[in-house]
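Bear in mind that the values here come from a model prediction, so they are computed numbers and not experimental data. When reading the values below, keep in mind they use all heavy atoms of this one structure, side chains included, and skip hydrogens, waters and symmetry mates.
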Amino acid sequence: MLDIIVTPFAFEDLKKVKEAKATSVVIGTPFFSVRAVHEFPQSELKNIKEECSRLGLQMYVLVNRFFVEEELPKLREFLAFLKELDVDGIYYGDEGVLYEAQCLGIKDKLIYNPDTLITNRMDAQYYLDEGIKMVTISKDITLDEMVSIAKHIDKKCEVIIHGRLNMMHSKRNLLSSYMSFVKKNENVRNNYDLYLMEENRDEHMPIVEDETGTHVYTGFTLASFEEIQILKEAGIQHFRIDGIFHDIDYVIEATKLYRDILDGKKEAEEVFETYSKKYEEDHVTHGFYYTKTSKVKEG
């Protein structure tokens, strides 16, 4: 079954995304989640799980923070809570989460999402052999490379098909440090209106500083309208739409467009052309699907 994974911004969004034919939601929560579009308090997760069950949605939870030793008891307690809640998936990037989940007997719910690291089928298979649910393929490789991985992984991989992509994360408070250096008193913490701009490019790269450090995103918005059918035919069953820097209407619109393409109701090229004009300021592109991000030294 094709899995369209989306990011809700409020409890009321669950019904909306179900009506748009999404099948799963990614839920962020304070402390444990990094780069979530919205953080739901832990006290609300039980109600979210009940509503997801009622609607027929799968509930995935972001536990993608990197934990230091002093934070492990809090992690264990939260994972035990998620086990009791019987969530459908847990995103992680820290190997410590894998160990703690194994101790609790919920390793099969884990989704390994290390941002850029899953770039070949051997790496993907290595983590799947540990008994986890699935892996997220790097968004920094080409379409051909994604297809090559997918053909060997038996539907246990996910790709991010839409939205701004995370480029860099530093635990340092880079914006605050810069403002201190230039002696300016500016509100930079949790400010989603800031961006970096290279001297020779017109792209605006969003930069966000929060309690986990500093995050930099691509200067473009990835849209996979012309690629989703190819990825599906290669065997990928899990597709994620990330609405960060936007709202639920944006997520629903994208979800419906992908469904229309998959159902043969709309032509992918026409959708991409219309969409890129509508969101011209977002610099909608094909991302790295047709551009290698690394070079091999010749000679």
Side-chain angles (χ1 to χ4, degrees), residues 5-11 13-14 24-52 58-107 109-115 117 132-133 136 160 163-177 187-192 194 206-217 240 242-245 248:
I5 308 163
V6 300
T7 52
F9 294 75
F11 182 86
D13 295 342
L14 299 176
S24 303
V25 291
V26 181
I27 302 298
T29 193
F31 182 76
F32 300 100
S33 303
V34 179
R35 294 181 295 278
V37 301
H38 178 76
E39 293 182 347
F40 294 87
Q42 186 173 337
S43 59
E44 196 173 348
L45 297 191
K46 184 175 185 294
N47 291 335
I48 293 173
K49 174 58 179 176
E50 290 174 351
E51 181 69 356
C52 285
Q58 293 189 97
M59 177 182 173
Y60 300 151
V61 179
L62 279 177
V63 187
N64 58 336
R65 180 191 184 102
F66 278 81
F67 300 89
V68 298
E69 187 171 357
E70 293 77 11
E71 296 167 345
L72 291 180
K74 196 171 182 178
L75 169 64
R76 293 185 193 112
E77 183 180 347
F78 186 62
L79 289 176
F81 170 76
L82 296 181
K83 177 181 180 178
E84 183 179 353
L85 206 59
D86 194 26
V87 299
D88 298 287
I90 302 170
Y91 283 100
Y92 79 104
D94 187 337
E95 289 290 328
V97 178
L98 175 65
Y99 175 79
E100 297 297 342
Q102 183 174 2
C103 293
L104 287 167
I106 56 171
K107 188 168 62 170
K109 291 184 179 293
L110 294 183
I111 303 167
Y112 186 48
N113 180 23
D115 287 325
L117 298 186
I132 66 174
K133 184 183 185 76
T136 304
I160 300 171
R164 292 277 180 165
L165 308 176
N166 174 50
M167 287 179 60
M168 183 277 290
H169 173 215
S170 170
K171 285 193 172 184
R172 297 179 177 88
N173 296 325
L174 300 179
L175 290 176
S176 295
S177 297
N187 178 28
V188 294
R189 181 61 67 94
N190 294 315
N191 187 336
Y192 282 72
L194 303 176
I207 181 169
V208 179
E209 179 184 298
D210 59 22
E211 64 277 2
T212 65
T214 307
H215 314 264
V216 179
Y217 296 81
R240 191 179 352 151
D242 195 317
I244 196 164
F245 304 111
I248 191 59

With a 3.5 Å cut-off and sequence neighbours excluded, list the donor-acceptor pairs that the side chains of residues 42-49 form with protein atoms.
unit_1: Lys46; atom_1: NZ; unit_2: Glu50; atom_2: OE2; d: 2.6
unit_1: Lys49; atom_1: NZ; unit_2: Asp86; atom_2: O; d: 3.0
unit_1: Lys49; atom_1: NZ; unit_2: Asp88; atom_2: OD2; d: 3.4

Test log, rule side chain to side chain contact (heavy atoms under 4.5 Å, CB included), inputs Val26 and Leu62: CA-CA 7 Å; Val26 181; Leu62 279 177; 3.5 Å; yes

Test salt bridge (charged side-chain N to carboxylate O under 4.0 Å, His left out) applied to Arg76 - qualifying residues, sequence neighbours left out: Glu100

Residues that Glu71 engages under salt bridge (charged side-chain N to carboxylate O under 4.0 Å, His left out), provided they are two or more places apart: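 Glu71 satisfies salt bridge (charged side-chain N to carboxylate O under 4.0 Å, His left out) with Arg65 only.
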
Can you measure from [atom1] ([X]) to [atom2] ([Y]) and round to the nearest 0.5 angstrom?
{"X": "Tyr60", "Y": "Leu110", "atom1": "OH", "atom2": "CG", "answer": "12.5 Å"}
{"X": "Lys83", "Y": "Leu85", "atom1": "NZ", "atom2": "CG", "answer": "13.5 Å"}
{"X": "Asn187", "Y": "Leu194", "atom1": "CG", "atom2": "CG", "answer": "8.5 Å"}
{"X": "Leu79", "Y": "Lys109", "atom1": "CG", "atom2": "NZ", "answer": "12.0 Å"}
{"X": "Leu175", "Y": "Ile207", "atom1": "CG", "atom2": "CD1", "answer": "4.0 Å"}
{"X": "Thr212", "Y": "Phe31", "atom1": "OG1", "atom2": "CZ", "answer": "10.5 Å"}

For [X] and [Y], which heavy atoms make the closest approach, and how far apart are they?
{"X": "Tyr217", "Y": "Ile244", "answer": "OH-CD1, 3.3 Å"}
{"X": "Gly28", "Y": "Ala36", "answer": "CA-CB, 3.8 Å"}
{"X": "Leu75", "Y": "Val63", "answer": "CD1-CG1, 3.8 Å"}
{"X": "Phe66", "Y": "Lys171", "answer": "O-NZ, 3.9 Å"}
{"X": "Pro114", "Y": "Thr136", "answer": "CD-O, 4.2 Å"}
{"X": "Cys52", "Y": "Met59", "answer": "SG-CB, 4.1 Å"}

Please tell me if the side chains of [X] and [Y] come closer than 4.5 Å, counting only heavy atoms from C-beta onward.
{"X": "Ile106", "Y": "Val87", "value": "no"}
{"X": "Tyr112", "Y": "Leu117", "value": "yes"}
{"X": "Asp242", "Y": "Val37", "value": "yes"}
{"X": "Ser177", "Y": "Arg172", "value": "no"}
{"X": "Thr29", "Y": "Ile27", "value": "no"}
{"X": "Asn113", "Y": "Arg240", "value": "yes"}

Contact list for residues 67-90, test ring pair (Phe, Tyr, Trp, His ring centres under 6.0 Å), sequence neighbours left out: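 Listed once each, the pairs are Phe32-Phe78.
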
Listed once per pair and sorted, the side-chain hydrogen bond (donor to acceptor under 3.5 Å, both in side chains) pairs that draw on residues 31-41, sequence neighbours left out: Arg35-Asp115, Arg35-His215

Output all residues satisfying side chain to side chain contact (heavy atoms under 4.5 Å, CB included) with [X], sequence neighbours left out; order by chain, then residue number.
{"X": "Ser176", "value": "Asn173, Val188, Glu209"}
{"X": "Asn190", "value": "Asp210, Glu211"}
{"X": "Ala10", "value": "Glu12, Asp13"}

Pairing residues for Tyr192 by the ring-ring contact (aromatic ring centres under 6.0 Å, His included) criterion, not counting sequence neighbours: Phe245

Tyr99, OH: over 12 other non-hydrogen atoms inside 6.0 angstrom: no

Whether Thr214 side chain and Leu174 backbone form a donor-acceptor pair below 3.5 Å: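 Yes.
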
Flag, side chain of Asn64 to backbone of Gly93, donor-acceptor distance under 3.5 Å: no

Residues that Ser24 engages under side chain to side chain donor-acceptor pair (under 3.5 Å), provided they are two or more places apart: Asp3, Gln58

